[in-house]
Every structure is written in C-alpha cells, then in structure tokens.
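Below is one structure; the comments refer to it alone.
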Amino acid sequence: MRFRFEQLSFGLIKPKGWLLKQLTVQKEGLSGNLDRFWPDIKDSKWFGGNAEGWERAPYWLDGVIPLAYLLDDLEFRDNIRKKMDLIFSKQQDDGWPYPMTDQEKRNYDLWALLLISKVVYTYYMAEKDERCVRYLTRLFDAVDKAIDRTPLRHWAQYRWFEGVIPLLWLYDKTKEEKWLLLGRRLMAQGFRWDEFHRSPLVEAPAEKGRWSFDKHVVNNAMAIKANGIAYALTEDPYYLENLTIAKDRLDEFHGYVTGVFSGDEVLAGKSPVQGTELCAVAEYMYSLEVLIEMFGKGDLADRLEKITFNAWPATFLPDMWSHQYDQQINQAECSIKQGRTWKTNGPASNIFGLEPNYGCCTANLSQGWPKYAASLWMKTDDDGLAVISYAPCSLSTTLKDVQAEVIVDTQYPFKEDVTVLIKADKPVSFPLYIRVPKWCNRMTVTGVPFDKETVKEGFVKTEVRIGEEKSKEIRILLPSEITLYETPQKTVSVTKGPLVFSLPIEEEKIAVNTEDPLKAPPHGDFELYPVSEWRYALDPDTSKMTYEEKKVTDACMFAPENAPVALYVDAYYTEDWGMTNGSCDEKPGPVPKKGAPERIRLIPYGCTNLRITEFPVAEDV
C-alpha cells in the first residue's frame, strides 16, 4: 500500500512561537530529566542496569528522540545518541535486546520488543543511522522465532499492530517479503479489534473492579489505527470500510467533548467524572498521526487538534514536572481518597505527581507534543505538501528537486489568522493541500487559488507557483463560532473552533508523599483543592456569550494565569451540587434559573488544572 502522505524526517520541522515554548518546557521538565534520577530509566536493563527491562525505557525514548531533534539543543541530542548507542551495543547475536536466559525469553511479553522496534524506526527518522536496519532485522527475526512456540499473548496480543509500522518501513527499505509475512503472522495471532469494536462488547462501561485487556483504555486508543494497519498488510477493502469504526463507536458510548474517551483504567462510559488515562491520550494522538499519514483524511486531523489542544496539556501541571494518571472533564478536586469513581484505578490516580497510580504514564508522557509537532506538515504522493495542523513552525524540504523553506507565522489555535511564507531557491510549482476544518464554515485563503467547494476528504488541493521572486505568501483565515456540545442529560459544554472552554477553579496546592526522596521538588506529588465557587448551571444562549482575546506572550500558554483567550457566559449558582469522595457529583439538567445570573469566565480546557467543563443547563422556571 502506498501511503497518501509521508512524514518528514525529524528535525526538518522546527517549532516556533508558543509551540517552541511548550517543547522547551517539556524538555526542562520530566522528559529531559527522568534519566538522571528515576530508576526505571536511569538504571534500566536496556542501558546496562538492573532496573525495569520491559516497556519504560522504550516508552521514554519514543518521545525524547523526536523532542531532541525538534529542539536545537545539542547536549540533549548527544545524550539521546549515547542512549541509542547503548541500545545497539546491548543487542545479542540472536536478536534479543540484552542477555536473557531461555526461560526469561519464554516468559517475556513481546510487547516491549514491538515497542523498541518503533523506537529504532523513530531514531532512523531522525539520524538515518543504518544500524537501525541491522538492529530491526535481527530483532524481528527473534520475534518471528519466538512466536513459533509461544504465540502472542497478553499486551503483545492486543498491541500487535504497533510492530507492523516499523515492519512496513523495513520491507520498503529492504524489499524482503518475509517482513510482510511476519506482519501477517502478528495480525493472525493478534486480537481482532475490528470484531470487538463492531460488537456490543464495546458499548457498556466495565463493571467496577473488573479489569480486562479488551476494555483497557490504552489498548483501545492504540487500536484506533488497527484497521488501517490491517489494510496496509492485506489491502482487504473490509478494513478500509471500517477504518474509523473504533473511533466512532468509542465516541458513541464513551466519548467526551475533548475528543478522547473515558477509561480509568477500563472503558467507563460518558460520565464527566470518570477518568481518562494519560497514556490513552498520547496513544490516541499517535494513532491519528499514523492514519493521517496513511490515508490523508482531514477529519482525523480535526480530531488530532481537538485532543492536542485540550486533553493533552490538561493532564500536566504547566511546568511539566508533574502529571496525572487520570484526568476528568469535571475535575473539582485532585486528591488521594478511597472510594473514587474509577473503575479499577487506585485512589491517587488524579493527583499531579511523578508516577501517580502506576509508572507507565511517567515513561510515556514524552511523545505527545513532539510527535504532534513533527506531523504539522507532510509530503504528499504527488511531490507536494499538506498542511495537517496550523501551529507556528518552519520547515525545510525539497519540492520538485528544488530546495524550499516554509515559515508558518500564527498564534493558532488562540488566534484565527495564519500566514505561510514559502521560499524557494529557484522557480517551482507544486501542489499544496490546505486542510479545511469541519468547524470552519467561512474559511478564506489568499495568495493561491482556493475554492472551498472542491474540498475532498478535508483538504482543498491548490497549486503554488513561485516565479523569479522566489517566494510566495499565503494568508489563511479560520473564523469559528461559539457552539454547544449537548448531552441527553441536558448538560452542555462550550467550544469555539478546536478549543473546549472550562470554568477554571482556583486551587490550593498541597505537597504529599514528601517522605519519598523521589518525590522531592520539582518532581513532587501534589493534591489540588478548590478554593473558588464552581457549582454553576449554564445559560445555553450563545448570543449572550462574549469572546475575549489578549496578546499571546512568550509564557507557557497552557496555564490558568496565561490563558490567551476567554469566554464570558451567564451562569446560575446551583446550591445542591455536591462532592463524593473527592469527585464532584454528576449533575444533570435542567436546573431552574434562580435570581440574577452571574457572569463567569471560561478559559481553554488545556489551560486548567481544576475545572468544570460539562454544565447542567439553566432554564426558566
């Protein structure tokens, strides 16, 4: 299968503006420091130590590799190279990643081998290091032999497709048919996600206390791309026809306004006080990026932006030294309390900390922003470019054998205007695919021909012609309307363009677990308690809502005090909205309007720590 788009090598896209600031904050937080103090990375078996030798170091590398090549930080990049040198040097002659006994190999869940294959492929995208080909050749030979007598089981069985992505690349690199055959073997031994997502099994929330692989939230987020991967292996039209069945069905029964679905740690329905695991948000983003590259569908890019600008930043404190295991869209308190609403997670799951509940999210928190930034623009199969997302950046590439530079000047998604300046060494013409978000009904483009009526799969194809002036400026305007996301429970959330808006709750921040030396600042554990009113029902009349912008500064945008946009809405105090075991209760509408309305300020969801996002509707008595 020939992919519709092609991701650019890491390092060719350079973040600018608010996105550069965000990636710098990430590097200065947990991502850039875990290997200095956290034993599961610092002393990992993958690097020659004696600590965890399964998924945690590969998870970390999968995010910090693109991060290092997006940022011009040579010391950070050199550190990553040294880590990869260790990965290459530790591989055994039989392909296994480090010394193991035969019994250890038989007991080893092969998920970590599929994950490290993705890491090595990612490293090749950055360094073009030919050691990656040799490493993957030996690794996949080991996997092929391992599943002869010990078929895929546990995590590997449910995540089989993650290994197929580097397998397809290896086949393209070597033209050896055995890699496609191994992909088919993995598929044959893997879980049938297509059947699960079409069946009634996906519909009901899990029973409280009952954990299962098929309802595991991260497995489902990864499986968003399973049918796309299956189609790439088989070219069976069945998988193409069901490309988005997982996304659609999870939306229907477990989805939220933020673009993600619930799972704490298993599918939990649509209640606004259930949680969504950080790893699930990260993996959903990656699944969408893969599908966009493969099939070139603009609606998947709409969803990628929705998740990236809302659910993703909200799962961290602004300095990115602390994160949650579970986030809630109605999150009035983050605390360690028994009896929380979580289906299977522990009582510390929504505090902000180093490794609340479980350390997988600590290892996996690094991939979200870098892989998004690396996917802003892609090459197309007709030697052109596609705009996937409109964040500020620059990129260098060749178009029709001409060296070109693209500079994107914007404060999107906080502002609606985008300026794209394309420079070329000599005259050139090439196709440009401009994404048209579904929420944007009045999009305008100047500088190139643009007819919105010709939109196909979310993109308008146009032609960029650069003459002797060697440059072309394109101006894009993406106006949006205030809209409501409504539920059958007579509750609403407010959106504008790709942004979801929430009531920020002022907080008291309390350090906990301070006796643990690993929890010393800045990588501590923190509970957050509400100190401002949050019990409001919303007047759903959007004509009464007003929108306010302020200057986008060099500060981290995703922080309550730095929110660059706000909505002001009418709301009514609701006295009988309570709290149970640290979570606010569900509060369906309608709620009768009593007294005069209060004017409350909503800010982007991603800028909040404590918040109310889904409000009961206020109606006249």
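FYI, the numbering just counts along the sequence from 1.
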Tyr124 and Trp169 aromatic ring geometry - parallel, tilted or perpendicular at 30°/60° bounds: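 Ring orientation of Trp169 relative to Tyr124: tilted.
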Trp211 and Trp155 aromatic ring geometry - parallel, tilted or perpendicular at 30°/60° bounds: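 Perpendicular: the ring planes of Trp155 and Trp211 meet at over 60°.
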Stepwise side chain to side chain contact (heavy atoms under 4.5 Å, CB included) check, Trp377 with Leu432: CA-CA 10 Å; Trp377 289 65; Leu432 176 65; 3.7 Å; yes
Determine whether a donor-acceptor pair (N or O, by modelled atom type, separation under 3.5 Å) exists between the side chain of [X] and the backbone of [Y].
X      : Y      : answer
Asp451 : Val460 : no
Asn330 : Ile612 : no
Arg159 : Met222 : no
Ser262 : Ala268 : yes
Lys270 : Asp251 : yes
Arg475 : Asp417 : no
Lys175 : Asp172 : yes
Arg611 : Gln328 : yes
Ser287 : Ala221 : yes
Lys343 : Ala206 : yes

cation_pi(Arg4, Tyr433) dist<6.0 Å, angle<=45: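 Satisfied, under 6.0 Å and within 45°.
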NZ or CZ of Arg56 within 45° of Tyr358 ring axis and under 6.0 Å: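 Yes - Arg56 lies over the ring of Tyr358, closer than 6.0 Å to its centre and within 45° of its axis.
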Exceeds 12 heavy-atom contacts within 6.0 angstrom, atom [atom1] of [X]:
X      : atom1 : value
Glu252 : CD    : yes
Lys208 : NZ    : yes
Lys456 : NZ    : no
Arg153 : CZ    : yes

Derivation and outcome, side chain to side chain contact (heavy atoms under 4.5 Å, CB included), residues Arg340 and Ser349: CA-CA 9 Å; Arg340 300 295 291 250; Ser349 292; over 6 Å; no
Please determine if [X] and [Y] form a salt bridge, counting it only when a charged side-chain N lies under 4.0 Å from a carboxylate O.
X      : Y      : result
Asp382 : Lys461 : yes
Arg435 : Glu305 : yes
Glu203 : Arg249 : yes

Shortest non-hydrogen separation from Gly259 to Ile307 and the atoms involved: O-CD1, 3.7 Å
I want to check something: taking the side chain as every heavy atom from C-beta on, are [X] and [Y] in contact at a cut-off of under 4.5 Å?
X      : Y      : value
Glu463 : Pro431 : yes
Ile474 : Val445 : yes
Lys215 : Phe196 : yes
Ile245 : Arg198 : yes
Lys306 : Thr495 : yes
Lys452 : Val436 : yes
Leu180 : Arg184 : no
Gln7   : Ser375 : yes

Find the distance between [atom1] ([X]) and [atom2] ([Y]) and round it off to the nearest 0.5 Å.
X      : Y      : atom1 : atom2 : value
Thr315 : His323 : OG1   : NE2   : 8.0 Å
Met320 : Leu365 : CE    : CG    : 6.5 Å
Asp144 : Leu139 : CG    : CG    : 11.0 Å
Lys371 : Leu70  : NZ    : CG    : 11.5 Å
Tyr171 : Phe140 : OH    : CZ    : 15.5 Å
Gln324 : Phe316 : CD    : CZ    : 10.0 Å

Flag for [Y]-[X]: side-chain donor and acceptor within less than 3.5 Å:
X      : Y      : result
Gln189 : Trp160 : no
Glu283 : Asn364 : yes
Ser480 : Lys496 : yes
Thr613 : Ser493 : no
Gln489 : Glu614 : no
Asn357 : Asp326 : no
Asp62  : Tyr286 : no
Gln327 : Tyr256 : no
Asn220 : His197 : yes

Aromatic contact, Phe558 with Trp369 (centres under 6.0 Å):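 Centroid distance Phe558-Trp369: below 6.0 Å, so yes.
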Name of the residue among Trp111, Trp193, Tyr158 meeting ring pair (Phe, Tyr, Trp, His ring centres under 6.0 Å) with Phe213: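 Passing option: Tyr158.
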Tyr69 and Thr122: CA distance, side-chain angles, deciding distance, side chain to side chain contact (heavy atoms under 4.5 Å, CB included) verdict: CA-CA 11 Å; Tyr69 287 83; Thr122 298; over 6 Å; no
Lys297: which of Ile292, Leu243, Leu291 passes side chain to side chain contact (heavy atoms under 4.5 Å, CB included): Leu243
The single option from Leu250, Leu201, Asp214 passing side chain to side chain contact (heavy atoms under 4.5 Å, CB included) against Leu267: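 Result for side chain to side chain contact (heavy atoms under 4.5 Å, CB included) with Leu267: Leu250.
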Evaluation steps, side chain to side chain contact (heavy atoms under 4.5 Å, CB included), between Met378 and Glu293: CA-CA 8 Å; Met378 294 185 185; Glu293 182 180 13; 3.9 Å; yes
Test log, rule side chain to side chain donor-acceptor pair (under 3.5 Å), inputs Tyr605 and Thr258: CA-CA 8 Å; Tyr605 180 102; Thr258 52; 5.0 Å; no
Steps toward ring-ring contact (aromatic ring centres under 6.0 Å, His included) verdict (Phe459, Phe5): CA-CA 12 Å; Phe459 292 89; Phe5 295 155; 5.5 Å; yes
